[in-house]
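For reference, the structure is listed below as structure tokens.
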Number of protein chains: 2
Amino acid sequence: MAQQTDPARRAPLSRDRVLRAAVALADGTGIEALSMRRLAQELGVVPMALYKHVANKEELLDGMVDAVVGGIRPPDLGPDWRGAVRGRILAAREALRSHPWASQVIRSRSGPTPALLAHMDAVIGAFRTGGFSVDLTHHAMHALGSRILGFTQEVFDAPPGAAPGAAAGPPAAEQAAAFRQLAERYPHVTELAGATAHDDDSVVGRGCDDQFEFEFALDLLLDGFERLRQQGWTSSPSPAGGRAG
Amino acid sequence: MAQQTDPARRAPLSRDRVLRAAVALADGTGIEALSMRRLAQELGVVPMALYKHVANKEELLDGMVDAVVGGIRPPDLGPDWRGAVRGRILAAREALRSHPWASQVIRSRSGPTPALLAHMDAVIGAFRTGGFSVDLTHHAMHALGSRILGFTQEVFDAPPGAAPGAAAGPPAAEQAAAFRQLAERYPHVTELAGATAHDDDSVVGRGCDDQFEFEFALDLLLDGFERLRQQGWTSSPSPAGGRAG
DNA sequence: ACCTGAACACCGTTCAAGT
DNA sequence: ACCTGAACACCGTTCAAGT
């Protein structure tokens with residue numbers, strides 16, 4: 001009947017088809033379940049067949065990153081640097097939104113892919129066109145860090161659940177006791193968590209609006225950059241003087 | 001002669017000894033070379049012996065994080081919130097300085113260790129004592145993200161070397177051609193890299209002062225927080241109104 | 001010349017057999 | 001009761017044998 005459900009199954013393997021399948025597999029089952037063997041199986045192919053299209057797993061990951069980052073679609077951008085930088089960064093965030101593995105994989109790469117260089121070039125260009133010196137642009141780019149791609153590094157990747165020692169699903173009574181001890185030992189953490197998580201059943205959080213937090217910090221940085229630009233800020237104490245150290 | 005070089009070799013295994021050896025191994029050979037089997041070998045012990053002291057590799061990593069984060073030694077801190085927050089964060093940076101694997105491992109944990117909770121509690125406490133509302137403190141903590149522990153997420157972990165496609169050590173002529181193409185396609189990236197890396201032989205960088213960049217961004221954020229505190233900023237439009245969404 | 005199965009050198013962890 | 005070797009179910013990649 002639905003024999004044609006996967007029309008690509010019998011199509012000859014190509015680098016593009018390998019990359020697409022890898023992205024889909026990582027999206028569906030998580031990056032830690034992406035193995036060369038598993039990917040080959042998914043494609044109905046012997047593991048070694050993949051090595052005709054990617055040199056090794058590293059190159060596969062590079063290709064996946066390039067595919068996702070290449071999907072950044074910046075909106076029509078006005079002339080002001082702030083809107084241009086902001087728009088590109090939020091577009092990057094949007095492109096990476098449905099690929100939760102992407103940030104982790106990008107980080108683990110040793111160098112930029114072409115699509116990544118293109119994105120960074122565009123953001124740097126927006127700063128420069130907006131009147132930023134090379135010096136200030138450089139430090140601004142560092143200050144943004146991974147935020148340039150629309151993601152930030154929280155302390156943990158996963159939402160904090162129970163304490164690390166505790167196994168999953170402790171009895172309710174024990175949980176209450178653990179909470180009381182937590183509140184006693186870490187009163188400020190508890191206060192913060194209590195104020196933000198009351199919509200949620202989790203002990204230590206969620207109920208945070210990631211998008212709000214992202215834009216909050218981004219705008220704080222952009223405001224800071226603008227202020228320094230207006231001041232003609234330079235990292236060297238005087239225009240002619242060299243940097244100490 | 002120097003039979004006593006490693007006096008602990010014959011000492012009975014303990015959780016502490018396991019953790020200490022794991023930290024040393026990760027420091028010396030990199031986190032990717034840390035395996036249960038390798039660690040056991042290092043301790044002169046059969047792999048399964050480790051499982052008497054840690055439940056599994058996850059718990060081993062939790063223990064390593066706690067050991068390193070527990071080593072944060074904040075300086076004597078003045079009463080002002082800015083100095084207190086800044087001092088604690090830079091102390092965290094110092095503690096993690098000689099453990100390059102730590103940031104990556106912390107990130108991969110699913111929840112906080114006790115030492116980590118203690119550190120965060122202290123930083124939150126500094127904000128609150130300094131007159132920050134729970135609301136503003138919450139957003140400030142998110143804005144700091146992993147910076148609270150003294151590290152930031154650059155786009156890549158490793159220093160950018162050659163382009164990802166290129167193998168290690170291409171001939172000089174080919175390298176020059178690749179550079180010309182890079183400069184043509186990514187002019188702004190090239191300009192930035194050229195301005196900062198002239199002390200270095202690398203094409204795309206280094207010559208950046210990590211500590212300077214860290215403090216630059218940190219101070220930009222702390223300045224922003226202070227400004228919002230003075231304004232009595234709230235994420236809700238009015239004190240009585242609820243948040244939209 | 002191309003393709004591919006078996007093999008290699010690893011993993012983390014289970015489990016049953018030995019003391 | 002404790003300890004531990006062999007085994008299991010995986011990896012990424014090499015390599016030689018088959019077509």
Side-chain angles (χ1 to χ4, degrees), chain A residues 8-19 21-26 28-65 101 104-105 107-111 157-158 164-165 167-168, chain B residues 8-19 21-26 28-65 101 104-105 107-111 157-158 164-165 167-168:
Chain A
R9 170 153 302 246
R10 271 289 155 98
L13 219 53
S14 68
R15 187 182 158 88
D16 199 64
R17 222 158 79 68
V18 169
L19 293 181
V23 168
L25 184 58
T29 65
I31 191 66
E32 73 286 346
L34 175 74
S35 70
M36 299 296 275
R37 294 171 117 106
R38 175 76 191 275
L39 176 57
Q41 186 185 307
E42 210 76 15
L43 284 160
V45 138
V46 83
M48 282 312 298
L50 300 176
Y51 287 82
K52 295 282 118 159
H53 301 98
V54 290
N56 46 38
K57 195 177 183 183
E58 295 292 294
E59 202 187 286
L60 175 77
L61 293 171
D62 278 335
M64 293 169 68
V65 168
W101 48 270
Q104 181 186 148
V105 173
R107 233 185 283 133
S108 75
R109 303 299 76 211
S110 62
D157 276 346
Chain B
R9 169 151 303 242
R10 272 288 156 99
L13 220 51
S14 69
R15 187 182 157 88
D16 199 64
R17 223 158 79 69
V18 168
L19 293 180
V23 168
L25 185 57
T29 66
I31 191 67
E32 74 285 346
L34 175 75
S35 70
M36 298 296 274
R37 294 169 117 106
R38 175 74 192 276
L39 176 58
Q41 185 185 308
E42 211 74 17
L43 284 160
V45 140
V46 84
M48 283 312 297
L50 300 176
Y51 287 82
K52 294 283 118 160
H53 301 98
V54 290
N56 47 37
K57 194 178 182 180
E58 295 293 293
E59 201 186 287
L60 175 76
L61 293 170
D62 278 335
M64 291 169 68
V65 167
W101 48 269
Q104 182 185 147
V105 172
R107 233 185 281 132
S108 75
R109 304 298 78 210
S110 62
D157 276 346

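Chain letters run A, B, ... following the sequence lines, proteins first and then strands; every chain starts at 1.
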Looking only at heavy atoms, which two atoms of B:L19 and B:M64 are closest? And how far apart?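 Residues B:L19 and B:M64, closest heavy atoms: CD2-N, 3.9 Å.
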Heavy-atom distance under 4.5 Å between the side chains of [X] and [Y], does that happen here?
X: A:D62; Y: A:V54; answer: no
X: A:R15; Y: A:E59; answer: yes
X: B:V65; Y: B:R109; answer: yes

Heavy atoms only, 4.0 Å cut-off, all strands: where does A:M48 land among base, sugar-phosphate and nothing?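 The answer is base, as A:M48 lies within the cut-off (heavy atoms under 4.0 Å) of a base atom.
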Would you grab the first and last nucleotide of DNA chain D (5' to 3') that comes under 4.0 Å of any non-hydrogen atom in chain A?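 Taking any atom under 4.0 Å from a heavy atom of chain A, the span is D:dC11 to D:dC15.
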Base-pairing mate for C:dC10 - Watson-Crick or G-U, with both contacts under 3.5 Å: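 C:dC10 is unpaired by these criteria.
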Please give the nucleotide sitting opposite D:dC15 as a Watson-Crick or G-U wobble pair, both distances under 3.5 Å, or none.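 Per the H-bond distance test, C:dG5.
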So, taking the atom named CD in A:Q41 and the one named CE in A:M36, what distance separates them when rounded to the nearest 0.5 Å?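 The CD atom of A:Q41 sits 14.0 Å away from the CE atom of A:M36.
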